[in-house]
Amino acid sequence: DAAAPATAAEAEATPGAAETTTKRRKSGIIEEVIVTAQKREESLTDVPISIQAFSPEALAARGIDNQIGLSRAVPGLDVGSQAGYATIFLRGIGTEAFLTADPSIASYVDGVYFPFSPTFVSDFSGVKQVEVLKGPQGTLFGRNAVGGAISVTSYAPSFTEANTDVDLTIGNFALVKPRIYSNFPITDNFALNFSAYYSQSDSNLSKDSRTGGEPLRKQIDEGVRVRSRWAPIEDLDIQFGFTRTRNQNNGAIGQNLNPSPLGRLLLIQPPDDPRNVQVNTRLYGISETSVISTTNTFYAPWLDVKLLASKQKNSLLYNYDFDGSTRPYVSFDVPGHPADITQGELQLISNKSQPFADVLDVTAGVFMFHNIQGFNPVQLEVGDLVIPPVLGNLLQDLPVVGPILAPGRAYRVQAQAQVKTFSAGYYLQTTARFTDWIALTLGARYQREDRGVHRSTVNLLAGTTNLGEALVGGPLLTYNQARDDQGNLVPNRSTTHGLSPKVTIDIHPFQDETLLFASFQRAKKAHAYNAFAVYLPPQYIRPEDTTAYEIGLRTPLFNGTTRLNLAGFYYRIKDLQTQYVSLISGGALAFENAPLATSKGVDFDITSELFPETIEGFAVSLNGAYLDAKFGSYPNAAGYDPQTGLFSPNNDFSGNRQTRTPKFSGTIAFTKLWTLGNNEVELGADYYRNTGFFYSASNDPNYEQSGYGLLGAFLRYEFVPWKVQVRTYGKNLLNKTYTQGVISTDFGGVFSIAAPREFGVTLSWKF
């Protein structure tokens, strides 16, 4: 096993420590990979975890430039977006409770945990590697990683070489996207690097689309990352980083494609073209993230001591047409959805100088987390509620209420809904290699999470007048208690704690890199509160417990030209956290627990360099996941009746398929590389197939994504001496219409449509 470098100088020289973690072979999809899935650098072939890792070349070969694109390369992964929030499911594990609860798939960028789902999807600019860890990662990645983890690592500054990468992409929908990455060695022990991107494009919906009667806004994405690295002494490595991203778009844009009986009664008509969006609310969306972080590593005798700390501020401003139509019934406006996150972690990692390093690895640590996030405020407008002029004229002379009830006033509910969290986790993992062919890993994490309602208030606005301030000098309602799923009042703050164990046995039965492993682990996701309440107190949902069993195989075939990763798994989830939307649920959004859910299946990933002796640079990748993910027990479930379309709190969804989980998803891809003197030409194509899934636990076909397939391709030319290349690409070349998110409402399904056919060209230069 590879251990962490013993000194900062060795970290600079170690492949994967400071420069690159991959060695590119003849094709972008065939590569040797060093991963950090166990907090230490190891060859992928030695890690007894189901994991896929991608270098920049591998991502480019698959046409992946952000987390959403990973779905085409990682079997069983679904990364979608609804109401402005990212929703991530992996092997059937995920959650629809994305507002003031946490994702079930933990997301990390350079060791910083990102629990705020609107800021998860970002451009892969200046990225060294992306790792997708499948299954619970409760021991080392900890907090709420009950379904897996996605870890993005950017390049660390290098002391030895100045280099710059620039590229410019131009595509349809008026896309213009420049990017730059530069590394600057200042001295022999101090360096900086810098990466930035800017992207501007038109909406990929119909040009005739209108929100509030106006054309759609341009899509603008921009981001910058600066990292510094200083090694003042041989055994100390100090890094600081600053990242800022900003996204400006059309908000949580969606359209009602399947009106419910209530929607049809209110004259909501589905559109003829799902890409021609027409809603009466003028939509906007702006998300911003800034992160300051530091990673300090001391290479002591026997172990590496690593201290990570970060301060993260996020903001999401948007509005949402709840009924998804041209009718002025219900809309959300979120002028403030901030998240203020502070975290720190101490890692103690044994290195190759410790006694018995050849037979024993030890990793221990402490993780601390503090967060305040939620709506501050959110506004809910229901219908054209205005006072008739005749009545308003009669009341306008009354003291206090007269001006409030003047003619033409629109009425809105305004709420503050924030949740505060403090979490502490303590973990220990040891791997003992009894012989050259068998090892045992034992791990455990103790997690204690204190979480509760930070603020939950309700006011009524008449025009710009706040009735609470005018009438009582404050909010009309302030909730100091919460309610459980039975409607009983409970404290508005609670604590989840417990010990999550892990046991893994791995075997190297042959003289090659074949690895067999079997694992058992438990993982816990803390309780949550939905602080957004109008006429009922905030909601409390119980913690979620996952028990996972897995067996896996990783092996080379055909003299090392082919690699196979194969895994079978079974997950049992108690009290799965879910979310539903209805105006009669206490406001509009509500949480609940599904008592029991299960997910079982098989996934595989094969990469092969075909006929290397006769066909140079020809490679194929094939992956797939067969999933059987169901609600084992889900009585008294809130949702919409598939027959009537009406909301009810007393449904039985037991035995239904879990949301966002297709029975099969997979991709086949190939690349062919030609080397012609100083020139390289590479051609690639991929086809992704998804058999379809439900967006609703009711398995209502009105909220179903039917099966679909996506075809992509690229052609790359590079003049090697100058390191200049031109790459043309196409995505969704068959122009399939499919969705990236759906919200089930009282009025019907509000669907967000994914991008149609996209194509463009990228010019890049490395110097």
Side-chain angles (χ1 to χ4, degrees), residues 85 87-88 93-106 113 115-117 136-138 141-147 339 341 343 367-375 417-426 445-456 479-500 522-533 536-547 571-580 585-587 589-597 631 633-634 636-638 697:
Y85 300 84
T87 51
I88 314 167
I93 305 297
T95 182
E96 300 289 355
F98 51 77
L99 286 173
T100 49
D102 292 303
S104 297
I105 313 300
Y113 173 50
F116 190 59
S117 64
Q137 304 297 321
F141 284 85
R143 186 178 183 272
N144 297 335
V146 294
I341 302 166
Q343 57 186 287
F367 177 79
M368 312 295 285
F369 175 88
H370 180 269
N371 179 23
I372 298 177
Q373 77 173 58
F375 299 118
Q418 292 181 291
V419 172
K420 185 175 183 179
T421 302
F422 179 78
S423 178
Y426 311 87
R445 185 185 189 97
Y446 176 77
Q447 188 84 18
R448 187 182 191 279
E449 182 150 325
D450 180 73
R451 168 178 281 181
V453 176
H454 179 63
R455 182 179 291 114
S456 182
Y479 290 111
N480 297 311
Q481 287 184 296
R483 57 188 167 98
D484 62 16
D485 56 0
Q486 303 298 316
N488 302 313
L489 291 178
V490 296
N492 66 355
R493 191 158 203 89
S494 183
T495 300
T496 296
H497 58 86
L499 187 70
S500 299
R522 297 280 303 274
K524 183 181 287 290
K525 184 177 180 182
H527 66 284
Y529 287 89
N530 172 29
F532 179 34
L536 292 174
Q539 274 188 306
Y540 163 85
I541 52 174
R542 299 183 297 277
E544 179 180 307
D545 289 288
T546 299
T547 302
Y571 303 146
R572 188 177 187 274
I573 308 104
K574 179 183 177 183
D575 288 329
L576 176 69
Q577 296 176 356
T578 65
Q579 175 180 287
Y580 60 92
S585 63
L589 309 168
F591 291 169
E592 68 180 8
N593 294 101
L596 178 64
F631 295 106
S633 174
Y634 201 178
N636 302 315

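- Rounding to the nearest 0.5 angstrom, the gap separating the OH atom in Tyr479 from the CG atom in Asn492 is 13.0 Å.
- Counting only N and O atoms by type, the side chains of Thr495 and Glu449 include no donor and acceptor under 3.5 Å apart.
- Within the model, atoms CG of Leu576 and CD of Glu592 stand 10.0 Å from one another, a figure rounded to the nearest 0.5 Å.
- Between Leu536 and Arg483, the closest side-chain pair of non-hydrogen atoms falls below 4.5 Å.
- Checked by atom type and distance alone, the side chain of Gln577 pairs as donor or acceptor with a backbone atom of Arg542 at under 3.5 Å.
- Here the side chain of Arg493 pairs a donor or acceptor atom with the backbone of Lys420 at under 3.5 angstrom.
- Side chain of Arg455 to main chain of Ala417: no donor-acceptor pair is present (N/O by atom type, distance under 3.5 Å, no hydrogens or angles).
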Checklist entry - Would Asn488 and Gln486 count as a side-chain hydrogen bond (donor to acceptor under 3.5 Å, both in side chains) if you check the C-alpha gap in whole Å, the side-chain angles of each, and the deciding distance to 0.1 Å? => result CA-CA 6 Å; Asn488 302 313; Gln486 303 298 316; 5.8 Å; no
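- Ile341 has its side chain within reach of Pro115: a pair of non-hydrogen atoms, C-beta onward, lies under 4.5 Å apart.
- The shortest side-chain heavy-atom distance between Val146 and Ile93 falls under the 4.5 Å cut-off.
- Looking at Tyr580, its side chain never comes within 3.5 Å of a backbone N or O of Phe591 through a donor-acceptor pair.
- No donor-acceptor pair under 3.5 Å is formed between the side chain of Asp575 and the backbone N or O of Glu544.
- Separating the CG atom in Asp484 from the CG atom in Asn593 is a distance of 10.0 Å, to the nearest 0.5 Å.
- Of all heavy-atom pairs spanning Phe141 and Arg445, the tightest one is C-NH1, 4.3 Å.
- Taking the ring centroids of Phe369 and Phe422, they lie at or beyond the 6.0 Å cut-off.
- In Arg572, the CZ atom is not crowded: 12 or fewer heavy atoms of neighbouring residues, nucleotides or ligands sit closer than 6.0 Å.
- With rounding to the nearest 0.5 Å, the separation of CD in Gln418 from CZ in Phe532 is 13.5 Å.
- Note on ring orientation: taking the six-membered ring where Trp is involved, the planes of Phe367 and Tyr113 are perpendicular (angle over 60°, cut-offs 30° and 60°).
- Electrostatic pairing of Asp102 and Lys525 does not count as a salt bridge here, judged by no charged N lying under 4.0 Å from a carboxylate O.
- Val419 is not listed as a side-chain neighbour of His454, based on a closest heavy-atom distance of 4.5 Å or more.
- In this structure, the separation between CG on Asn530 and CD on Gln539 is 5.5 Å, given to the nearest 0.5 Å.
- Checking side-chain atoms of Arg451 against main-chain N and O of His527 turns up a donor-acceptor pair under 3.5 Å.
- To the nearest 0.5 angstrom, Ser423 atom OG is 11.0 Å from His370 atom NE2.
- With contacts defined as side-chain heavy-atom distances shorter than 4.5 Å, the pair Tyr529/Ile541 does not qualify.
- Considering all non-hydrogen atoms of both residues, Ile105 and Gly147 come closest at CD1-C, 3.4 Å.
- For the 3.5 Å distance criterion, the side chains of Ser500 and Arg522 fail to qualify, holding no donor opposite an acceptor.
- Between Pro538 and Ser456, the shortest heavy-atom contact is CG-OG, 3.4 Å.
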